[in-house]
Q: 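Okay, handing you the structure first.
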2 protein chains.
Amino acid sequence: MVSLNLDREVEQRLGDHDVRYTRGRRVVVSALAASDGPRSAAELHREIGPDLPLSSLYRSLSVLEDAGVIIPHHGARTLTRYELAEWLAGHHHHLVCVECGSVEDIEIPKKHESRVKALVQELSDGASFTPLNHALEIEGRCSKCT
Amino acid sequence: MVSLNLDREVEQRLGDHDVRYTRGRRVVVSALAASDGPRSAAELHREIGPDLPLSSLYRSLSVLEDAGVIIPHHGARTLTRYELAEWLAGHHHHLVCVECGSVEDIEIPKKHESRVKALVQELSDGASFTPLNHALEIEGRCSKCT
DNA sequence: CCTATAATAAGAACGATTCTCATTATAAGG
DNA sequence: CCTTATAATGAGAATCGTTCTTATTATAGG
Ligand SMILES: [Mn+2]
Ligand SMILES: [Mn+2]
Ligand SMILES: [Zn+2]
Ligand SMILES: [Zn+2]
């Protein structure tokens, strides 16, 4: 899913935003690239380890979001999870478990995707709304929680 | 959108959960029934007025959620908005403005809805996921923010 | 090397939400 | 009507994720 030149592309993008691609930022991007779904600051901190303090992790997330490298996902109460932006990870949707709160990426076949896209455009037109993106979130129970 | 017997149905549901349909809870349900989209505690408090203290409002929201009368929506950072559950308000989707954060309800024609539903089922099957519901969130700019 | 600027890290501050607990309202029996 | 047990309320403290402040450290150029 993730480009082989991920670091190259992120470096480029951060350069365009006049910020450096530092160690802390690299490790965050790397952790998100290895995830099969969005991750919260706490989850990333657990995964990355205490070498990257929470305050620094939060600031890295903020910088990466401003640069458009990652995007926030708000599927759970009082918790923001992040994932690589779609220009890096590809367009996809989510399976959200109502039991354990986990969120997993899911891709949908192109033909279905184009149908959804057309529907989104049609609905937006009818509401004088300018669509930029759409998210299909499927809520239910994951295989572990069944 | 909302049943004419809303109060009747909510009263019934709360009774099944052994909680009373008190004044505070009624005013919250009424405010949500009058909204064209999900509302946060702060928004409801502004709308309802200071007669219902925030702490009571929050507890009313919690009780109503436990009873399945309202459901939380997590479209905005660090903020939970609530709306009437679908068995009361009907199934629908959302237009989310990335500029001002507002969220508006939108209904989609039945034929489209059934297509989406079929797609959701198909995707879930392929991931051994048990779907309970789905949410199509259209992100973009509302008419005010264009 | 120097120096200006950017990034980091520790902890304080903040805001939304939840909890605690003393007070008040309500329903059911007597 | 009273009584009494239970439920609900409201004020404020506590909590938790997140953001801000500020002193220190790292880095890119000159
Ligand atoms: Mn994702
Ligand atoms: Mn809605
Ligand atoms: Zn699960
Ligand atoms: Zn708007």
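First the proteins, then the strands, lettered A, B, ... as listed; each starts at 1. Treat the numbers as computed from the prediction; the structure is a model and nothing was measured.
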Q: Over all heavy atoms of both residues, which pair between A:H93 and A:L136 is shortest? Give the atoms and the distance, please.
A: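 Scanning both residues, the minimum pair turns out to be ND1-N, 2.9 Å.
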Q: As a test of reading the structure: which of C:dA7, C:dA10, C:dT18 is closest to the side chain of B:Y58, going by heavy atoms?
A: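 Between C:dA7, C:dA10, C:dT18, the one nearest the side chain of B:Y58 would be C:dT18.
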Q: Do the side-chain N and O atoms of A:H94 and A:E83 include a donor-acceptor pair separated by under 3.5 angstrom?
A: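 On atom types as modelled, these side chains qualify, holding a pair under 3.5 Å.
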Q: Which nucleotide sits closest to the side chain of A:R59: D:dT19, D:dG10, C:dA9?
A: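 Looking only at side-chain atoms, A:R59 lies closest to C:dA9.
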Q: To the nearest angstrom, how far is B:L61 atom CG from C:dA16 atom P?
A: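 Roughly 14 Å, once rounded to whole Å.
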Q: Can you measure B:L64 atom CG to C:dT18 atom P for me and round it to whole angstrom units?
A: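 Value for this atom pair: 13 Å.
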Q: Rounding to an integer number of Å, can you tell me how far A:E43 CD sits from D:dG17 P?
A: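 For the pair A:E43 CD and D:dG17 P, the rounded distance is 11 Å.
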Q: Do you see a donor-acceptor pair shorter than 3.5 Å between the side chains of A:E113 and A:H134?
A: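 Note: A:E113 and A:H134 side chains meet the donor-acceptor criterion.
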Q: Round to the nearest Å and state the distance from A:L57 atom CG to C:dG11 atom P.
A: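 Nearest whole value for this atom pair: 17 Å.
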Q: Rounded to whole Å, how long is the line connecting atom NE2 of B:H45 with atom C1' of D:dT9?
A: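 Whole-Å distance recorded here is 14 Å.
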Q: At 4.0 Å (heavy atoms only), tell me whether A:L79 reaches a base, stays on the sugar-phosphate, or touches nothing.
A: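 Result for A:L79 = sugar-phosphate.
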Q: Rounded to the nearest angstrom, tell me the gap between atom CG in A:L44 and atom P in D:dG17.
A: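 So the two atoms are 14 Å apart, to the nearest Å.
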Q: Quickly work out the A:L54 CG to D:dG17 P distance and round it to whole Å.
A: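 Taking atom P of D:dG17 as the reference, CG of A:L54 is at 9 Å.
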Q: Given C:dA16, is OP1 or OP2 found less than 4.0 Å from the side-chain N or O atoms of B:T80?
A: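 So the side chain of B:T80 is outside the cut-off, no N or O lying under 4.0 Å from OP1 or OP2 of C:dA16.
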Q: Would you mind telling me which of D:dA8, C:dA7, D:dG10 lies closest to the side-chain atoms of A:R20?
A: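 Looking only at heavy atoms from C-beta outward on A:R20, the closest nucleotide is C:dA7.
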Q: So which heavy atom on A:Y82 is nearest to which on A:I70, and how close?
A: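 Smallest heavy-atom distance, with atoms named: CD2-CD1, 3.5 Å.
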Q: Can you check whether A:T78 has a side-chain N or O nearer than 4.0 Å to OP1 or OP2 of D:dC16?
A: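 For A:T78, the contact criterion (side-chain N or O under 4.0 Å from OP1 or OP2 of D:dC16) is not met.
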Q: Given that A:L52 and B:S40 both sit by DNA chain C, which one's nearest nucleotide is further toward the 5' end?
A: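 On the 5' side of the pair lies A:L52.
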Q: Look at A:S55 and D:dT19 and indicate whether a side-chain polar atom (N or O) is within less than 4.0 Å of OP1 or OP2.
A: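 No, outside the criterion.
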Q: Choosing from D:dT18, D:dA8, C:dA10, which nucleotide comes nearest the side chain of B:T22?
A: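 Of D:dT18, D:dA8, C:dA10, D:dA8 is nearest to the side chain of B:T22.
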Q: Could you check whether A:R25 gets within reach of a base, just the sugar-phosphate, or nothing at all, counting any heavy atom under 4.0 Å?
A: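 Sugar-phosphate contact only - A:R25 comes under 4.0 Å of backbone atoms but never of a base.
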Q: Between P on D:dA28 and CG on A:L14, what's the gap in Å once rounded to a whole number?
A: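 Rounded to the whole Å, the gap is 14 Å.
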Q: Just wondering, are more than 12 heavy atoms of other shown residues or ligands nearer than 6.0 Å to CZ in B:R26?
A: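 Yes, enclosed.
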Q: What's the closest nucleotide to the side chain of A:V19 if the choices are D:dT9, C:dA7, D:dG12?
A: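 In terms of side-chain proximity for A:V19, the closest of D:dT9, C:dA7, D:dG12 is C:dA7.
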